[in-house]
Amino acid sequence: MNYRSIKKQFSRIGFLFVMAMIFYFNPYNVLAGELNFHAIYVGSGDCLILESNHHYMLVDSGFQDTTPEVLAYLDALNIPDNQIDYAVATHPDGDHVGGFASIFDHYKVKQIIYSPCTKESSSFTDFIQNAKDHHYPLRTPIENETWKLGDATVEVVYDGFQGTTYNECSIVLRVTCDGKSILLTGDLPSVMENSLMKQGYNFKADVLKVGHHGAGSSTCSAFLDAVKPQYAVISSSAAKTAQLPRASMLIRLAKRFIKTYRTTDGNVLLTIKDGKIHTNHPENNGYISISKGTITLNQNVLYTTGKSLKPTVTLTVNGKIVPKNQYTVSYSSNKYPGKATVKVKGKNIQYVSSVKKQFLILPKKEKLKAVLKDFNSIVLTWDSQRKISGYTIVYTTDKSFKTGLIFKQISKPETLKKTFKKLAYGETYYFRMRAYISNLGYGKWSSIRSVKTKKNPKPMQEVFKVAKYNKKKQHIYLTWKHFKKDQATGFQIQYCTKKNFKKNVKKLTLPDTSVYKVRIKDIQKKKKYYVRIRGFNQYKKGEWSKTKRIRTR
């Protein structure tokens, strides 16, 4: 064999290997199979057919009176050799086993599996006897056993042996094909559902044949949460007097967004193929869950008023506005600043479940007060607010609040007063403030408050009236201009023998502006003294007067 032949052969082997891997790992390859699930309308009874790759399983048979409809349906399926692989009687009730006798007369059954219920039932007795008359194999199920049905696998999830009533003895089967499964529960009541769940039974499935024709005492909420189905099929009567399915059970399905199909709308056919579930049957629950609906509020952000805030609600479900008489509205945490909640709950007339939405309440507009204190201090005060984080104050000398803005953050919400000191004299200041909630937002700005500070209170420069030496009494006598009280509260006098007042400076302080003359006695003879004076107040010191030179003798 030459090199080219060897290379060509290896190329073919590699191609076949790749194709084999693709074929093996593709979950939707042609060998994945197909399963058809039929729920035949038999009034208030149950009659189910599962077919896969020309193999058939009949689960329950409806009433004796509904046998013609069942036979017509079976005939339309063109079952090869009229041979049914399995017939399962989930429990002895006549609406489940009453039609078997006639079916056995027309179809061969390879294996019959029946409920282990020991209570007497004429319908069940007739069913057993008829099977024996036809010499069909009969047995009760074994829990966890499985068998093949064409491309599908049938598993006995619960064999019925723990029950004490017809319904409690219902056999539970799970039929799986191509990764999807159907759970058949007969008339299993919630009492047994809960008991089995506590024991750890696994009921997970994609399709649920709803127990007991939709009775309120079956298919409880916990059971639905354990099964987690996407689809539900209900066998029930279309008669006006029919009491099933119950509203409570339909509501449970609607709340979980389980697509619901009913035999009252005709025979139901679901197909599992390519890892998907298909049906052309119309959905029919009667109830719609609003838990995925959309709440629209006329206001999403409000400001606290001290009263409960209730924005107007519009509810939309599946693109349609829900009438207001179909739901109730309640509010919580909607009085003070923060996140509030509106809850819409269906009244179970048509719409069920509930949906919530949050909206924001921000602090109210503050009532700000501003007053002048002394000459150049301004005091702000405001009202308290509950459940806020603090306040932001901004002030400026620009009335338009465009330039020179100064911000002051107050992070303690209990603070209700702030003093601004050492402001410019003779200037108008503009203030406004707002409360805030950390990470949520701010309230509205308060109205602007303006305050003008007084002119600079610096005392005027003093002028000596008299500055002379009294030789006889050996003192320097000084008098000066009389100050107004709003200009100065006292005087400071300095005197020394140095004109620059650098050394040996002596001081006199006169805290009373009603005294505007003084005698300086601690002086020496034959010296030149330099004297000056200035006024002062609690804000400022005035400028020194012109220095006076006085010679002592």
Side-chain angles (χ1 to χ4, degrees), residues 36-51 56-79 82 84 86-107 109 112-115 117 121-128 130-131 166-167 169-173 175 182-188 207-215 218-219 231-246 249-250 260-270 279-282 284:
N36 290 320
F37 169 58
H38 308 260
I40 305 173
Y41 178 70
V42 287
S44 59
D46 259 12
C47 183
L48 312 172
I49 300 171
L50 294 103
E51 61 164 309
Y56 296 82
M57 179 171 71
L58 179 65
V59 179
D60 293 331
S61 62
F63 296 94
Q64 183 178 5
D65 294 343
T66 58
T67 304
E69 288 83 357
V70 175
L71 289 174
Y73 197 95
L74 290 171
D75 289 344
L77 293 177
N78 294 317
I79 299 174
N82 282 357
I84 295 173
Y86 297 93
V88 179
T90 58
H91 63 291
D93 279 338
D95 60 332
H96 288 254
V97 300
F100 275 123
S102 296
I103 294 172
F104 291 163
D105 290 338
H106 292 79
Y107 287 87
V109 181
I112 297 175
I113 298 173
Y114 63 95
S115 169
C117 183
S121 163
S122 58
S123 298
F124 197 56
T125 301
D126 291 344
F127 151 67
I128 296 293
N130 192 273
Y166 290 166
N167 291 343
C169 291
S170 292
I171 299 169
V172 178
L173 303 177
V175 185
I182 302 170
L183 190 70
L184 312 176
T185 63
D187 282 357
L188 193 73
V207 180
L208 172 65
K209 204 291 294 181
V210 172
H212 203 178
H213 318 285
S218 290
T219 321
Y231 306 88
V233 176
I234 303 173
S235 295
S236 60
S237 172
K240 292 183 179 180
T241 56
Q243 297 182 348
L244 299 178
R246 291 290 190 184
M249 192 281 307
L250 292 172
T260 304
Y261 308 99
R262 295 161 64 170
T263 58
T264 52
D265 299 314
N267 303 315
V268 179
L269 170 61
L270 270 69
T279 185
N280 292 323
H281 205 78
N284 183 0

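Computed from a prediction, not measured in an experiment: that's the story for all the values here. Starting from 1, each residue takes its place in the sequence as its number.
- Expressed to the nearest 0.5 Å, how far CD1 of I171 lies from OG1 of T185 amounts to 12.0 Å.
- The local environment of CD in Q64 is sparse, with at most 12 non-hydrogen atoms from other residues, nucleotides or ligands closer than 6.0 Å.
- Closest of all the heavy-atom pairs between L77 and H38 is CD2-CE1, 3.9 Å.
- Taken from OH in Y166 to OG in S121, the straight-line distance is 4.0 Å, to the nearest 0.5 Å.
- In this structure, the side chain of S115 engages the main chain of C169 through a donor-acceptor pair within 3.5 Å.
- One distance of note links OG1 of T125 with CG of N130; it measures 12.5 Å at 0.5 Å rounding.
- Residues N284 and D265 approach most closely at ND2-OD2, 2.9 Å, considering heavy atoms.
- Within the 4.5 Å cutoff, the side chain of I234 has heavy atoms near those of the L250 side chain.
- The closest donor-acceptor contact from the side chain of S218 to the backbone of L188 lies under 3.5 Å.
- Ring planes of Y261 and H281: perpendicular class, angle over 60° (limits at 30 and 60°).
- Put simply, the side chain of V268 does not reach to within 4.5 Å of the side chain of F37, judged on heavy atoms.
- Contact check for C47 versus E69: no side-chain heavy atoms found under the 4.5 Å cut-off.
- Looking at heavy atoms from C-beta onward, H106 lies out of side-chain contact with L74 at the 4.5 angstrom threshold.
- A distance-only check finds a donor-acceptor pair linking the side chain of D60 to the backbone of T90 [under 3.5 Å].
- Taking 4.5 Å as the limit, some side-chain heavy atom of N167 sits within range of a side-chain heavy atom of D93.
- Judged purely by atom type and a 3.5 angstrom limit, T219 uses its side chain to pair as donor or acceptor with the backbone of G211.
- Using a 4.5 Å cut-off on side-chain heavy atoms (C-beta onward), F127 and Y114 make contact.
- Judged by distance alone, the side chain of N82 and the main-chain N or O of Y107 form no donor-acceptor pair under 3.5 Å.
- Proximity of I49 to Y73: side-chain heavy atoms (C-beta onward) are separated by under 4.5 Å at one or more points.
- Closest approach of Y41 to S236, counting heavy atoms only: CE1-O, 3.2 Å.
- Taking 4.5 Å as the limit, some side-chain heavy atom of S44 sits within range of a side-chain heavy atom of F63.
- Across S61 and G98, no two heavy atoms sit closer than the pair OG-N, 3.7 Å.
- Aromatic ring centres of H213 and H96 lie closer together than 6.0 Å.
- Remark: the backbone N or O of T67 is not paired with any side-chain donor or acceptor of S102 at under 3.5 angstrom.
- Scored by the salt bridge (Lys or Arg N to Asp or Glu O under 4.0 Å) test, D46 finds K209 as partners (sequence neighbours excluded).
- Distance alone, capped at 3.5 Å, is enough to place a donor-acceptor pair between the T279 side chain and the L269 backbone.
- To the nearest 0.5 angstrom, D95 atom CG is 11.0 Å from S237 atom OG.
- Heavy atoms only, all atoms of each residue included: H91 and S170 are closest at ND1-OG, 3.3 Å.
- Of all the heavy atoms in V210 and A232, the pair that sits closest is CG2-CB, 3.8 Å.
- By the 30° and 60° cut-offs, the orientation of the rings of F100 relative to F104 is parallel.
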Walk me through whether T263 and I40 qualify under side-chain contact (heavy atoms from CB on, under 4.5 Å).
CA-CA 7 Å; T263 58; I40 305 173; over 6 Å; no

